[in-house]
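Read the structure below first, then the notes.
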Amino acid sequence: MTAVRGERVQAPFGVRALRLTRREEYGAYVVLSGGDPDGPRPDPGQFYMLRSSERWGGGAGERPFLPRAFSVLRTGGDGEGLELQFLLEAVGPGTERLCELDAGEELSVLGPLGRGFAAPRPGHRVLLVGGGVGIAPLAIWQDRLDTGTTVLLGFRDAHHAAGAALLSGAVVATDDGSVGDHGLVTDLLESELDAGGEAEVYACGPPPMLEVVRAVCAERSVPAQLALEAGMACGFGGCFGCVVPSARGLIRLCLEGPVLDGAECSSETFAVAGMGHSG
Amino acid sequence: MTAVRGERVQAPFGVRALRLTRREEYGAYVVLSGGDPDGPRPDPGQFYMLRSSERWGGGAGERPFLPRAFSVLRTGGDGEGLELQFLLEAVGPGTERLCELDAGEELSVLGPLGRGFAAPRPGHRVLLVGGGVGIAPLAIWQDRLDTGTTVLLGFRDAHHAAGAALLSGAVVATDDGSVGDHGLVTDLLESELDAGGEAEVYACGPPPMLEVVRAVCAERSVPAQLALEAGMACGFGGCFGCVVPSARGLIRLCLEGPVLDGAECSSETFAVAGMGHSG
Amino acid sequence: MNPSFCGLGLAHPVINASGTFDAIAAHRVFGDALYEHFPFAAFVSKTVTVEPRQGNPPPRLWELPAGLMNSIGLPNKGLEGYLASDLPVLAELPVPLIVNVMGFTREQVATLVGAFAAREEVAALELNVSCPNVETGLIMGADPDEVSRLMNVVRPLTEKPLIVKLTPNATDPAAVAHAAQEAGADAVSLINTIRGMALRPGTDQPWLGGGTGGVSGPAVRAIALAQLVAVRGAVGIDIVAMGGVASGTDALEFLHAGAGLVAVGTENFRDPSAGSRVSAELDRLASRTPFSGAG
Amino acid sequence: MNPSFCGLGLAHPVINASGTFDAIAAHRVFGDALYEHFPFAAFVSKTVTVEPRQGNPPPRLWELPAGLMNSIGLPNKGLEGYLASDLPVLAELPVPLIVNVMGFTREQVATLVGAFAAREEVAALELNVSCPNVETGLIMGADPDEVSRLMNVVRPLTEKPLIVKLTPNATDPAAVAHAAQEAGADAVSLINTIRGMALRPGTDQPWLGGGTGGVSGPAVRAIALAQLVAVRGAVGIDIVAMGGVASGTDALEFLHAGAGLVAVGTENFRDPSAGSRVSAELDRLASRTPFSGAG
Ligand SMILES: Cc1cc2nc3c(=O)[nH]c(=O)nc-3n(C[C@H](O)[C@H](O)[C@H](O)COP(=O)(O)OP(=O)(O)OC[C@H]3O[C@@H](n4cnc5c(N)ncnc54)[C@H](O)[C@@H]3O)c2cc1C
Ligand SMILES: Cc1cc2nc3c(=O)[nH]c(=O)nc-3n(C[C@H](O)[C@H](O)[C@H](O)COP(=O)(O)OP(=O)(O)OC[C@H]3O[C@@H](n4cnc5c(N)ncnc54)[C@H](O)[C@@H]3O)c2cc1C
Ligand SMILES: Cc1cc2nc3c(=O)[nH]c(=O)nc-3n(C[C@H](O)[C@H](O)[C@H](O)COP(=O)(O)O)c2cc1C
Ligand SMILES: Cc1cc2nc3c(=O)[nH]c(=O)nc-3n(C[C@H](O)[C@H](O)[C@H](O)COP(=O)(O)O)c2cc1C
Ligand code: FES
Ligand code: FES
């Protein structure tokens, strides 16, 4: 719990193999776990570029080709060396290939990459706000924080809401009302903030959700750290492909993010961030 | 055993699925078997274009992409509909992918294609001469023939010679002498032919072997039917890619072959035939 | 979708790319099922030249990542052979016939166009101009002036639709397309294959018997789309788009970019009925997406 | 293999392609391990222009079969910014520095070449001519005369090796290479990315913020090889070959075809240490195959 903005855990240079030890399903999501004996312990909010060591390609549209970015969900296995866990949702050829892997198969990984969450201001209540697969970096953050957290998670439906089990004490909202509150997680957030007390918000999810989180927090002068997504080719600043608009101009999200301060974002940021689903 | 040159068993139009029921290893070779309920019974010497239904691609050099040609090794399963068997050796990205498939997985197949072996002249002794993975079409031919056969097979070494178990009564030669005769299968052939009697030769194997078979038979006026290979993109006459020189000029091997009469071949034929290993 | 391409009244917007489907050979292999489930709304025949050609020496094929490189070298029976043996058979296909022709001089192209102008079995002509004019040394299809001069010679010879097939190996295919339109072309088609090469592994010698080859398949689709959009911006006439189409999604992208027809080439090699699949997928997509046609 | 490329005395023949590796960013991410295991025999920096550029609006990336399409749009700090912030850092790299520059007029290119001519940290210059000359409207690198005129202006400004980076979007890259050689270029490099496009799925709007993009990766390797062989036939000067190199086998093919150096681009995105792997594989292959060098 020592992350300070501006610092980062550096990655070993070059891709390394990660042997999968477990594959678990949580409703619509898959959790892949594997040993990373030579890797450093990542900061919460950092990510890895992943691909399968075998048959990365030959899927829909003759893809995937480039590695894909995934937040670290959780670390473990202090005894026998570092274990990394990732949370995946199959949305295209890359995630489909990764989701079909099983224990014993091998990933090629690069990371940890990017800059993760910064520690909360002392005395602030910590709110973790996640949407869909965006809950991933919140789990490791909850694990590492030595303060209590309020966890608000939004999902499409019950099948996806199964992912809520990955955090403890989560309050859930679903779009279809099948589990928890019928509505948006950002409505839950507004209520929580309006209940009073100094709070700090950590959020990850689809761009429209993050935009509401940003605006809601900005209105109330609540500090927010937002973990964004953008299409990435490399993850280490090499391609200049992952830029998003920020107060500092177009910045490479893989290098300056994926966690950005709400204050340096605007609605414009979220109009282009994301994997392109909604842009 | 009714094959007549010039006719062919026609293929259903379009690629169909073939669910694998078995995967067996014979030394260096893999035999894949699967049910083809909607396909016709192929002629010995005909071939199929195969690919995996999933993940055909993403191997070495970002290949394979096109389907690959394989002789039918043997048919079976009259009770519950047609079963097809193929014999494979992993030599590149396509065969590697196919060799890693297991029972339960699916092939996409087109066939039967090409023209197979013609019946032996009455009263002629039938010699089946195979080299390496080229033994495949000889097995189904031995199964279908109602005459006895003399089977001469050549292999690199003991690991490959395990394939000899796929035919009955095979006399084996290996390059390294580890199994059977130390030498070339074509030496065995010369001895057999010189032992006398009217013979008809059916051969399949690497181009240099086939060229010797052709020459040896031509010298002795022994009729020979040779099953050739060439790089193929389509297998049904669409691409004009698989041509080999013959007495009729450049002919599409997938359409006019893969079985050619020795008499229409020359050393030139075998200088370009094959998958390019030796060209 | 009821494509009005060049007034041919085609049943759907998917045809084959020249040289990637031999309907006569396929009939031998697949029998009458081919005619009953003919995958294309029109059939484009392989390039016909005035004289017979053997084509290039093998090897003629080299597989690429998501693509194919070929140096087939336009083997064909020549004009006379085509008229005598192929045309009568192709005339029996259940769809209109488009004949693709190529000449090494303008006179040769004129001979070919003149000969087919007289044949009512032929619905339209496609001019393959991806070869050098042996008189000027210029690739006909890479130079707008060459194309104008060619069209000036052949346009008067026929009222049948003339489709000029552009080469992608040019700095500015849109300028060539514009020249074709101005000189009276009814349509342009693109892309032909992109020049490529491979060496025999471990050597400095070319793999392909023809030295260089032409790249096709999904690997070239994004390049084809860029050229299609550039050409669409330069001409008002119909466009046949091709280059790596393997699915209805791919075909729809080309239609969205302004093509009137889409041709399937290399994908036929992976499945001879690919054309039917592509047009069925297109139908399904079109019923989902509002699509107003193009061209 | 001891490449004598332009007299730079490089340790091995593998460098990076411009714009595909940011050594300064990579040092932040990987720390000193980057310098200890630096993957390239020389470092080529991303294109520098006279004025600072933001680059194109996102999205800037589109994945292709075995390839990538980008519309990055040459973001950079401009000449002054580069000299002030980047050059001092890059000068500390364990390998020689090649600076890639681009101008929209000949004068701009001259400004850039002149500025770097004076800097001993810079071992060589690569001229990115894949952009239109705003004065003539012609893509500089697609026209032999444009390249001659450009070289006539900049050649006198420096004795450092000048490498002209050819565009593949030209009818005849070999003619452009020849013009570059005749006007005093020390080397040419090829290929830059091939023009491509993708539409936002289900729409008729471009996906990329820049409209069109450039295709790179294994999908273009066969096309690169054909252009390399054509260029090798037209010039005697050194060649840096690139386009889809992902392995020692790929690199060896380019060397066999006459390249003096090979650059790794897109493959860096799949693994930042790809350059080291390629050069190690090349070593192993070269010790197996008799190879006499080239160029
Ligand atoms: C820092 C970061 C952390 C992430 N963490 C997680 C995580 O923990 N768990 C998780 O599941 N996901 C995570 N993601 C998202 C994940 O990286 C994407 O879902 C994944 O890259 C999608 O790849 P794909 O091949 O499955 O889908 P793609 O096909 O790449 O589709 C993704 C979207 O891209 C667009 N697209 C379609 N075709 C193409 C094309 N040819 N080229 C480019 N774009 C195209 C479409 O809009 C599509 O909806 C994270 C992303 C980032 C940047
Ligand atoms: C009619 C027929 C019947 C056959 N029957 C059988 C059979 O029963 N069993 C069997 O195992 N095999 C059989 N084959 C051979 C089989 O089709 C080939 O082994 C297979 O196509 C190889 O594919 P690959 O991807 O594994 O290897 P490839 O990489 O395609 O390699 C094969 C050879 O092609 C060359 N090559 C390398 N790269 C390329 C490239 N990019 N493009 C093109 N060529 C390249 C090389 O010389 C290489 O050695 C048959 C072939 C034919 C034509
Ligand atoms: C094996 C092969 C043969 C071809 N022959 C011809 C031809 O004879 N005439 C022609 O105009 N185009 C020919 N082409 C080009 C195709 O018609 C088409 O323009 C190109 O392949 C791009 O489409 P695709 O990517 O769908 O294959 C040929 C292409 C291939 C792959
Ligand atoms: C993301 C990206 C950015 C690039 N930026 C530049 C650039 O700034 N200047 C340049 O001359 N070439 C640039 N290129 C082209 C590469 O240097 C190279 O010519 C091309 O990518 C082909 O090589 P590859 O297939 O190995 O990537 C860029 C390529 C990519 C993929
Ligand atoms: S993903 Fe390449 S610079 Fe960020
Ligand atoms: S493999 Fe295509 S014509 Fe024979």
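Naming: A, B, ... by sequence-line order, numbering from 1 per chain.
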Go through the steps for C:Glu267 and C:Arg277 under the test salt bridge (charged side-chain N to carboxylate O under 4.0 Å, His left out), then give the verdict. CA-CA 11 Å; C:Glu267 185 66 12; C:Arg277 179 175 53 77; 3.0 Å; yes

Chain B contact via C:Pro272 - which portion, at a heavy-atom distance below 4.5 Å: both

Region of C:Asp271 in contact with chain B, defined by heavy-atom distances below 4.5 Å: both

Checking heavy atoms, do the side chain of C:Asn56, its backbone, both or neither come under 4.5 Å from chain B? backbone

When heavy-atom pairs shorter than 4.5 Å are enumerated against chain C, which of B:Gly237, B:Ala233, B:Gly61 gives the highest number? B:Ala233

Nearest-0.5 Å distance that lies between atom CG in C:Asn100 and atom CG in C:Asn128: 5.0 Å

Paired with C:Ile163, the side chain to side chain contact (heavy atoms under 4.5 Å, CB included) test is passed by just one of C:Ile98, C:Leu125, C:Leu127, namely C:Ile98

Interchain contact, B:Leu66 with chain C, by part (heavy-atom threshold 4.5 Å): both

When rounded to the nearest 0.5 angstrom, what distance separates CG in B:Leu98 from CG in B:Leu20? 9.0 Å

Please check this pair: side chain of B:Thr269 against backbone of B:Pro245, looking for a donor-acceptor N/O pair closer than 3.5 Å. yes

Contact part of C:Leu64 toward chain B, heavy-atom cut-off under 4.5 Å: side chain, backbone, both or neither? backbone

I need the residue from B:Phe240, B:Phe13, B:Trp56 with the largest number of non-hydrogen atom pairs under 4.5 Å to chain C. B:Phe13

Chain C heavy atoms under 4.5 Å from B:Pro64: which part of the residue, side chain, backbone, both or neither? both

For each of C:Gln54, C:Arg60, C:Glu63, tally heavy-atom pairs with chain B at distances under 4.5 Å, and name the one with the top tally. C:Glu63

Between B:Arg51, B:Arg63, B:Glu62, which residue shows the highest count of heavy-atom pairs closer than 4.5 Å to chain C? B:Arg63

Highest number of heavy-atom pairs under 4.5 Å with chain C among B:Cys254, B:Gly249, B:Pro112, B:Cys234 belongs to B:Cys234

Under 4.5 Å from any heavy atom of chain C, what part of B:Leu110 do you find: side chain, backbone, both or neither? side chain

Comparing C:Pro201, C:Gly73, C:Gly31 against chain B, the one with the most heavy-atom pairs below 4.5 Å turns out to be C:Gly31

Can you check whether B:Tyr48 and B:Phe70 have ring centres sitting under 6.0 Å from each other? no

So, C:Ser216 versus C:Thr266: side-chain donor-acceptor pair below 3.5 Å or not? yes

Option in B:Pro67, B:Gly111, B:Ser108, B:Cys239 with maximal non-hydrogen atom pairs under 4.5 Å from chain C: B:Cys239

Are any side-chain N or O atoms of B:Glu264 and backbone N or O atoms of B:Asp261, one a donor and one an acceptor, separated by less than 3.5 Å? yes

Would you say the side-chain atoms of C:Ser45 and C:Asp86 include a donor-acceptor pair closer than 3.5 Å? no

